[in-house]
Structures are given as C-alpha cells and as structure tokens.
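Scroll down for the structure; my scribbles are underneath it.
In the text below, chain A, chain B and the rest are named by the order of the sequence lines, each starting its count at 1. Atoms considered below: every heavy atom in the structure, side chains included; atoms not considered: hydrogens, waters and symmetry mates.
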Protein chains: 2
Amino acid sequence: MARRPVTTSTSPTALDARKATILEAVVAEHIDTAQPVGSSSVAHSADLDVSPATVRSEMVALEREGYLAQPHTSAGRVPTDKGYRYFVDHLKSGVMNSAQQHQIQDFFANVRGEVEDVLQQTSSLLSRLTNYTSVVVGAGHSHASILSVQLVSLDARHQVLVAVFSDGAVIKHSIMSGFDASFEDVTEASRQLNALLLTTTLEHRVQVPSRTDNVATLVRDAVSVLHAQAPTMDGEQVFIGGSSRVAEVFDGVETVRTVLSILEQELLVVTLIQDILDQGLSVAIGSEHGFEALSSCAVIVAPVTIDGEPAGAVGLLGPTRMKYPEALAAASMVSQQLTRHLDGEEALG
Amino acid sequence: MARRPVTTSTSPTALDARKATILEAVVAEHIDTAQPVGSSSVAHSADLDVSPATVRSEMVALEREGYLAQPHTSAGRVPTDKGYRYFVDHLKSGVMNSAQQHQIQDFFANVRGEVEDVLQQTSSLLSRLTNYTSVVVGAGHSHASILSVQLVSLDARHQVLVAVFSDGAVIKHSIMSGFDASFEDVTEASRQLNALLLTTTLEHRVQVPSRTDNVATLVRDAVSVLHAQAPTMDGEQVFIGGSSRVAEVFDGVETVRTVLSILEQELLVVTLIQDILDQGLSVAIGSEHGFEALSSCAVIVAPVTIDGEPAGAVGLLGPTRMKYPEALAAASMVSQQLTRHLDGEEALG
DNA sequence: GTTAGCACTCGGTAGAATCGACTGCTAGAA
DNA sequence: TTCTAGCAGTCGATTCTACCGAGTGCTAAC
C-alpha cells in the first residue's frame, strides 16, 4: 500500500493551507465588522489568487466540517466556536502595540501598596488596555501558617481577634464574650493563643482548654472563630475591572444582564477561571467552559505565580468575536509582569 | 382687603385638589406602564367625575407649570422631574408588602458576622427586595482611636503592621525594611509603637525617634505608613448589590454604560450619596443631584446611625420612573433595621 | 481543479397607506 | 363660569409593498 503524502492528510483536525487561509480571513473579518462575511470579500482580502466561486466551494466544506455557519441561506459565513478555536490555535504570537507595552511597564514600575490594591489596579489596567471586562483572581491562603494571634479589647464584652499569616495576610473577627473580660484575661488569652496556634495552619485542629474560667473561654471562642474563618481564608479574592464594558461589548439586554449577574457572584467567577486553567487552556470559547449562561462569551486567562507556585490568574471576558490577538497579548504581558512584580516583592526579602 | 381663603391659594408650589389628583394619576400610571398617559385613562382611573376634556385643560395648566411634558403633540403626558418631586413629596407613607417585611425581619434576625459582611448582604437584600441596584455606604473611621499596634515579621526584611481601632476596625500594611531586622528589633519596635500611638487617632502626629538604629527606623517607617493610611481609614466603604439590575431597568446601551461606569467609581458613589444626605433629601430625582451623567436616574437614600451618630446610608438607584412607594418603604425599613442591628451589636457590650 | 455566469434566496430598506391614540379648540349646556 | 361633547388635526407606530443588493449554489465550459 502506497504511503499517502502527509500534505493531503484528511485528519479531521487538520485543514489544508487554502482552507486555513480562508477560515482565518473569515474569522478576522467577522471580528472586525461583526457581520457575516461573503466569499468575494475573502477572495479579495486574503492573498490567495482564486475567484469567489472557489472560495465558496471551500466554504461549504468548512461549513460541513463545522468551522463556519450560515445565519440564513443568502448570507455570508460566520465562524462557529470551532472556527474561533482553530483561529486562536493558529495565531502567530501577536505583536503588541508598543504604546500599550509602555503603559504596562510604567504601571508596574510605579505601582505600590498592598497586594490587594495592586491586583485591583491591575484589573483596571487590563480592562483599559483591551476595552473588555477584566478579572483578576488572587490565590487563597490555605497553606499559610499563623505568625501571630492577638486579642484586643474594645470594651469588657467585645474583643477583636487579629491573626497574621506567613504570606502577609491578615484576618480579623470580632468576638463577643458573654462576660466581662478584664484586661488581664484578654492579655493572658492572647498569650495562650499564640502558644497554641503559632506555625499551625487553619486546617490544623488544636487541643483547647476545657476549663470554664474566663481566659479558657476566650481562648476557646477565639480558636473556634478562627477555624470558622478557614473557608474565607481559602477563598480566592476576585477583582473585577471595567464591568461597564459589558454593556458596550455585548448586544441584547438579556445577555448583558446575565453576564453582569454572573460577575456579581465571585464564587462563580473563581470556578470559571479555575476550570479553564485546570483544562490547561488559555482561551475558552463559547461552550468550551461549562457555563451555559456564558455561551456567547470567550474568556481569556493567564496564570500568575509566586515563586513558581500558582498564585492566581488574570482574565478577560468578551464576546466570542473578541479581538483575540490583542487581548491575548495584553493578558499574557500583564500576567508576566504581575508575576514578576509579586516575585520581586518576595525576592527583595 | 378681604383675606383670601387658604384653599384657593395660588402659591406656585401648591396645586388645587383636582390638579393634584390628576398629576398623581399621571405619575402613577406612567411609572406603571412607562408610556405617556392620556387624558381619558386619567379621567377613568382617578375617582374624579369629570370628562377627559376637563382633564385635558387641567393638563395644559400642569404642563405650563412644569409638572408634565409632552413627548410630541399627539401624545399623552409624561411627568417631569418636578412632577415626580411633587408625587414623592405627597406620598402617603407607604404600606409595605408584609411578605417583604418578614423577609427583612428574618434577614436581620439571622444575619451574623463582621460589619462588612452584614453591609454587603444588606445591599444584596435591598436589591432583591426592590429589583433596583442598591448601594450601602459604611462610614469611615476617622475618629476612631488606636487600641493596639503590632509589628509582625514575615522574614528579616518584611514586616506586617497591624493596627486595631476603637471601633473594631483593623488595618494592615506591609513594610519592607532596608536591613535585616531581628526578632528582638521587631518586638521592641512594636512595644515602642504602642507606647507612642495608643489612644491617638490617625490625624494625630506624634514625635518619632530620630536615631538611626534598626528599632528607631522600624518605628519611623511604621508611623509614616500608618499616617499614610489615614485617607483610607477615613474613606467610606461602598457595597453595591444587584448591579445587573441596571441592565434591565434602564433602556439604552449608553445609559446602562454610563450608570455602570459611575458605580465602578466608589468615590463618586460616596460623594453622590453624601451630597443628597447633606441636602436633607431622601430622594434625588433627575437633575436634583448634581450628577449630569445620572440625570435619568433617581436615587433614594436613608441614613444609618450608630448611637445616634451618622454611620452611613443605604441607597437605591433606579430610573426616574421608579416605584417610589415600594422603594422608599423598603429603603426606610432596611435602614431602620440596620441601625437597630448595629446599635444592638454595640448595646450588648 | 477552477472559473464565469446565472438563477435564486432572503434580509433590509424605503415609501405609501392606514391606524389609532392623543390633542386643542369651540360651541353649547349646566 | 365651568364643564363637556364633538370634531378636526397631529404624529408616532404598524403594516404592506416593492425592490435592492449581497451572497449563495449550481452548472457548463475552460
């Protein structure tokens, strides 16, 4: 049996050069114009020297294979999710507007302050750069250990518990004691808490005193409050930038409504981003992520690390016909710089 | 000169009974239907026994006085901002859906946790109750005094500064020392900071040591960082609930866009709410608040206090044709219950 | 395999006709 | 005077038609 040449392979995922060019031209133009694109404009724009008729016959093939779709008989073609997927998979790594590059570098050169603030500002930046809604997710602190616990009295019956963690996170929680706690009680409870909890993580259960005196009660309350905070500590933080872009980028009140209401639910957003990262994707188009409600959206994600460990992600949310090259480039550069910035903070220590 | 009877007073702000009835009917119907309302539907709905023709002649008067407007010649009337203003000023205090009353009571009976969480959840509640976007503003902490300052080492060159305030607020800030700080250095600096700052407020400037040893440097850094935080502490916190409602409640992409982008800017929102409170209003309609961009919106605010002191506000944002009776009732009840809840937390101490 | 030519489809637009919900005005009744 | 019935007039919304044009699929010839 003669070996078939590789170039004519009919593997379902491969496209011959001309089909690829045509598909890419269709996607590019549709992203640009938001209109169905016809055979003749492709024949002219792309640099293949063929007639519209030829383009047409290729298009029916592309449609049969699921890359393109026709809104109605006498209209041009529109990319399917699969078409967009091919497009982003075959993007030559984008060149980025150098003004924007500078903007990003300037930002990270000048940004200061707490991690939370940096993440929030990064989210705004990314949204401003791309005109899409941006999501920045900061990793949870599940593995951080306790460096310090302190109980402070507001008055005899109200205390504030403050814990500092090895990654710099701080949590607070107020405690209401059922009795009048003296200054000495609180100081002693603070001391015992430190002895009990230092270097442990929130997952770690500790033996609490079973006595019923004031100090022991304070200690018990504090420990249980602290453990109750574990999920909160674990929880990733979400910073959304440019949510108003949703209104201009999607059409149809219903879509805008849906997208906004998903953005309101931090947990959903975290799950979405995490799912995509877990699949090893950097772009999830339409139904590729499991979110029914977001089937007309594309999500771009880029991981952020600290010391090589996953520490969150930056993301962009737009319509499936979003400007992938620019958006991917921006997300990727921002995530790199953010990683460097966070590492830098560490490294200086 | 004969004294004119009060009832026929032509004072520019008073309306005779029939005009008032008609105006109220127009506003009510327009709120309900979003359509211009015509003379005949008013004649039938309102319980005045007059013909549409009579209603019409009253309407031209109301239009001349600025309460109503006509989108075009052959259309019905639409209320102006002044018309809405009259309407809300003459609302009989609304009766509230008792299911909703229960919902609010249940919420406050069961809600727990930190003030921030309560405020965020309250915002969601209010939005769910009314189907408008809700804003809850928590007062700043400018007058709180420092109860405790603590410096905790992450490693030799990184410390975290944690301060607890008399109102239970906690702020943290990381510090990067330019040298290796020993455990003893940090402990001693912590001790000195407490001695220096306890019972002061952030506005209060203190004398810092001018020596150049490690401890003094840490103390100086910490104090300056703390003072740099003053604006943040002052700053009110904003909790927005149901921002997705914006999409369904306003029409026109541009309006939605504008409103959303204003909601993104916490500072603007705080200013807006504060301005309205300062004017002593509970509703600001259209151009009554100074925000050009929100001229098609109405904002309802209700103050929240702790121990009688202003401690923030709850607000609702909707179109000028919002359902004032329900929204006012909900905002008012929620603000009362929230006040009670916050007072309760205090009172238990 | 490619292309020119052609018939056909179908959404979008422009214009005309119509509808109907209003109004303002006026003359006469209460 | 005040109110009302009646009426002509206005103007947006809706429907209908015709038509244009972008774009297709098919076929026959190159």
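Taken from CG in A:Leu263 to CG in A:Leu268, the straight-line distance is 10.0 Å, to the nearest 0.5 Å. Interatomic distance, A:Met322 CE to A:Cys297 SG, rounded to the nearest 0.5 Å: 9.5 Å.
Among residues two or more places apart in sequence or in another chain, the side chain to side chain donor-acceptor pair (under 3.5 Å) test is passed with A:Asp89 by A:Arg85. Shown here are the salt bridge (Lys or Arg N to Asp or Glu O under 4.0 Å) partners of B:Glu63, two or more places apart in sequence or in another chain: B:Arg77.
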Classify every nucleotide of nucleotides 24-30 of chain D by which part a protein heavy atom approaches to under 4.0 Å, writing B for the base, S for the sugar-phosphate alone and - for neither, in 5'-to-3' order. BBB----

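In terms of modelled atom types and a separation under 3.5 Å, the side chain of B:Thr80 and the main chain of B:Gly83 share a donor-acceptor contact. Remark: the backbone N or O of A:Lys323 is paired with a side-chain donor or acceptor of A:Tyr132 at under 3.5 angstrom. Proximity of a side-chain donor or acceptor of A:Glu264 to a complementary backbone N or O of B:Ser244 within less than 3.5 Å is detected. Of the possible polar contacts, one joining the A:Gln70 side chain to the A:Ala75 backbone as a donor-acceptor pair under 3.5 Å is found.
Using a 30° and 60° split on the angle between ring planes, A:Phe291 and A:His289 fall in the perpendicular class, above 60°. Ring geometry for B:Tyr84 against B:His30 counts as tilted: the plane angle lies between 30° and 60°, on a 0 to 90° scale.
Side chain to side chain, A:Ser287 and A:Ser295 fail the donor-acceptor criterion of an N or O pair below 3.5 Å. Between the side chains of B:Glu29 and B:Ser41, a donor-acceptor pair is found at a separation under 3.5 Å.
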Checking salt bridge (charged side-chain N to carboxylate O under 4.0 Å, His left out) for the pair B:Glu254/B:Arg257: CA distance, chi angles, key distance, verdict? CA-CA 5 Å; B:Glu254 201 38 55; B:Arg257 168 83 235 274; 5.5 Å; no

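Across its full length, the helix from C:dG1-D:dC30 to C:dA30-D:dT1 shows an angle of 20° between the axes of its 5 terminal pairs at either end, rounded to 10 degrees.
Rounding to whole angstrom units, CD of residue B:Gln35 and P of D:dG12 are separated by 15 Å. At whole-Å resolution of the value, CD in A:Glu58 and P in D:dG23 are 19 Å apart. Between B:His72 atom NE2 and D:dC11 atom P there is a gap of 9 Å when expressed in whole angstrom units.
In the region residues 21-29 of chain A, proximity to DNA chain D at under 4.0 angstrom, judged on heavy atoms, holds for none of the residues.
With a cutoff of under 4.0 Å to any heavy atom of chain B, the contacted region of DNA chain C is bounded 5' to 3' by C:dA21 to C:dC25.
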